[in-house]
> 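My questions all concern the structure below.
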2 protein chains.
Amino acid sequence: MNPNDNPATTSLAEAKAQFVHLWGVSGTSWGVSKTLAQVHALLLVSPAALSTEDLMEQLTISRGNASMTVRELLDWGLIYKELRPGERREYFVAEKDMLQVTRCIIRARKRRELDQMKRTLDQLAALPGDPADADYRAFHAALTDIQQLATVSDKLLTRLMQAEKSWFWDKFLKLFM
Amino acid sequence: MNPNDNPATTSLAEAKAQFVHLWGVSGTSWGVSKTLAQVHALLLVSPAALSTEDLMEQLTISRGNASMTVRELLDWGLIYKELRPGERREYFVAEKDMLQVTRCIIRARKRRELDQMKRTLDQLAALPGDPADADYRAFHAALTDIQQLATVSDKLLTRLMQAEKSWFWDKFLKLFM
DNA sequence: TACAAGTTTCAGTAATTATTGAAACTTGTG
DNA sequence: CACAAGTTTCAATAATTACTGAAACTTGTA
C-alpha cells in the first residue's frame, strides 16, 4: 500500500504541514523570520535528517535562503549537521529535547534583547549628575529600578538555561502552581 | 540662571536623550516599533505630563504617528491620560512603577507570542491519528512536549504578572540566586 | 590539474512594516 | 448652528527586513 493511500498517514502529513505553518506564523511574532521558524519546525517533526535540497523542495525556498537559515539554526544550537560517510551532501537533524530547545531559544533571545540593553543602562547610570537636583534624582532612581529588573531577569534566565530537567520540574511545577 | 547654563542640567538632558535613544533601539529588538519605545521612554523620564504636541516636537514624529502610538501605549496600560480642567488638550503620564511596567509588558507579549500558539497547538494535538504508527506517535509526543512547555511558561508568566512586590522579591531573589 | 558535487555569498528585488500628512471626525463654546 | 481646538483615520510613501538566484568559492577524486 502506498503510504499516501493510508488515511492515517495522510492526516499525519497534513498535521505536520500545519505544524510547520503554525511555527512559521508564531516565529514571526517571536521576532525570527518565517523561513527560520519553518525550517526548524520541519526538522523537528522529521524523524530522518534532511539535506539542504530537501528543505528547498519541501518549503519552496531558494538555495541561498536555505543555506543562511541552516547556518543560523546551527549557531543557535537548534539543529546539528549529520555527515554520512562517502557522501558529500550535508544533512541536518533538529535537537528534539524540548527543554534543550528552550534553553537555546532563551540564550539567543537574552543575547538579543537583554545583554546589549544592560550594557547601555550601565553606561547611562554611570553618567555624573547633581544629587541636589530632584529631577536628576528621579531620573537616576528610574534608571536604577530598570537596572535592577534587568539584573533579576538576567539571573532568572541564566538559571533557567542551566536548569536540569529534574530541577526544572521540581522547582517550577512545585513552587509556581 | 537659565537651566541650560547649568552643566548638571545639560548633562541630565543629554542623559535623558540617550535613554530615549537606547529605549528606541532596544524596542526594535523587542519587537515593538522604535516610536512606541521612544514615546514610552520619553514619558518615563518626564516628571510632567506631556501632550501629543510635545511628543511630536520632542521626537520629531507626525501627528498621526503620535496619536496611534499613544493609543497603543494606553492599551498596554503603560501610560495614562491626564485631563486638565478647562483644557481641551490631552496630556499623558507614564506608569512609573517598573514592576507594574514589567507586568504590562509581560501581559502584552504573552498575548502576542504565547496565547495564539497555545490555541493552535491544542487544535493540532486534537487531530486524530493511528497510534500503531511509530511516526505518528513521535509527532504526537513532540507536540505534547511543546504543549507542556507552553503551559508551564504560561503559568509562570501569569504568576509573574500577579506578583506583588514583596512576593516577587521574596520568592525570586531568595529562590533563584 | 580538471572536474563534479556540493556550499556560501551578496547585489538586486520582493514583501513587510512603520510613518507621514491631509482629510474627516469630535466636542465644547458663543 | 458655526467655529475653534483638538483627535483619529487611512491611503500613499518610506524604511526595513527577508528572499532569490546566479556567480564565486570549497573540497574530494581521478
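In what follows, chains are A, B, ... by sequence order, proteins preceding strands, each numbered from 1. Only heavy atoms go into these numbers, but all of them, side chains included; no hydrogens, no water, no symmetry mates.
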> Measure CG/B:Leu55 against P/C:dT20 and give the value in whole Å, please.
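So the two atoms are 13 Å apart, to the nearest Å.
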> Please report the distance, rounded to the nearest Å, between CE in B:Met56 and C1' in C:dA22.
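Result: 12 Å.
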> Rounded to whole angstroms, how far apart are CD on A:Glu87 and C1' on C:dG6?
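From A:Glu87 CD to C:dG6 C1': 11 Å.
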> Students often get this wrong, so: under 4.0 angstrom with heavy atoms, is A:Thr60 touching a base, only sugar-phosphate, or nothing?
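The residue A:Thr60 makes sugar-phosphate contact but no base contact.
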> Mind checking what makes side-chain hydrogen bond (donor to acceptor under 3.5 Å, both in side chains) contact with A:Lys34, not counting sequence neighbours?
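Scan of A:Lys34 (side-chain hydrogen bond (donor to acceptor under 3.5 Å, both in side chains), adjacent residues dropped) gives none.
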> Once side-chain hydrogen bond (donor to acceptor under 3.5 Å, both in side chains) is applied, do any residues pair with B:Ser46, and if so which ones, sequence neighbours excluded?
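Per chain and number, B:Ser46 pairs via side-chain hydrogen bond (donor to acceptor under 3.5 Å, both in side chains) with no residue.
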> Over all heavy atoms of both residues, which pair between B:Thr52 and B:Phe92 is shortest? Give the atoms and the distance, please.
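In terms of heavy atoms, the two residues are closest at OG1-CE1, 3.6 Å.
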> Could you check how far CG of B:Leu59 sits from P of C:dT19, rounded to whole Å?
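Whole-Å distance recorded here is 11 Å.
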> Taking transitive links into account, so neighbours of neighbours count too, which hydrophobic residues share a cluster with B:Val93 at under 4.5 Å side-chain distance?
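Taking Ile, Leu, Val, Met, Phe, Trp and Tyr as members, B:Val93 shares its hydrophobic cluster with B:Tyr80.
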> Quick test: give all pairs of protein nitrogen or oxygen and nucleotides 7-14 of chain D nitrogen or oxygen below 3.5 Å, distance rounded to 0.1 Å.
residue : atom : partner : partner atom : Å
D:dT7   : OP1  : B:Glu90 : N            : 3.3
D:dT8   : OP2  : B:Ser67 : OG           : 3.2
D:dT9   : OP2  : B:Arg71 : NH2          : 2.5

> Minimum heavy-atom separation for A:Trp30 and A:Arg109, please, with both atom names.
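Smallest interatomic distance, heavy atoms only, reads CE3-NH1, 2.5 Å.
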> Applying side-chain contact (heavy atoms from CB on, under 4.5 Å), can you list everything that pairs with A:Val45, at least two apart in sequence or on another chain?
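With sequence neighbours excluded, A:Val45 shows a side-chain contact (heavy atoms from CB on, under 4.5 Å) to A:Lys16, A:Phe19, B:Phe139, given in chain and number order.
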> Kindly state which residues belonging to residues 31-39 of chain A come within less than 4.0 angstrom of DNA chain D, counting heavy atoms of the residue only, listed by number.
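Of all residues in residues 31-39 of chain A, the ones placing a heavy atom under 4.0 Å from DNA chain D are A:Ser33, A:Thr35.
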> Between B:Asp54 and B:Ser51, is there a donor-acceptor pair closer than 3.5 Å when you use the side chain of the first and the backbone of the second?
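Checked: pair present.
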> Between atom CZ in B:Arg84 and atom P in D:dG6, what is the gap in whole Å?
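It works out to 12 Å between those atoms.
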> Answer yes or no: is there a side-chain heavy-atom contact under 4.5 Å between B:His40 and B:Val101?
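Sidechains of B:Val101 and B:His40: in contact.
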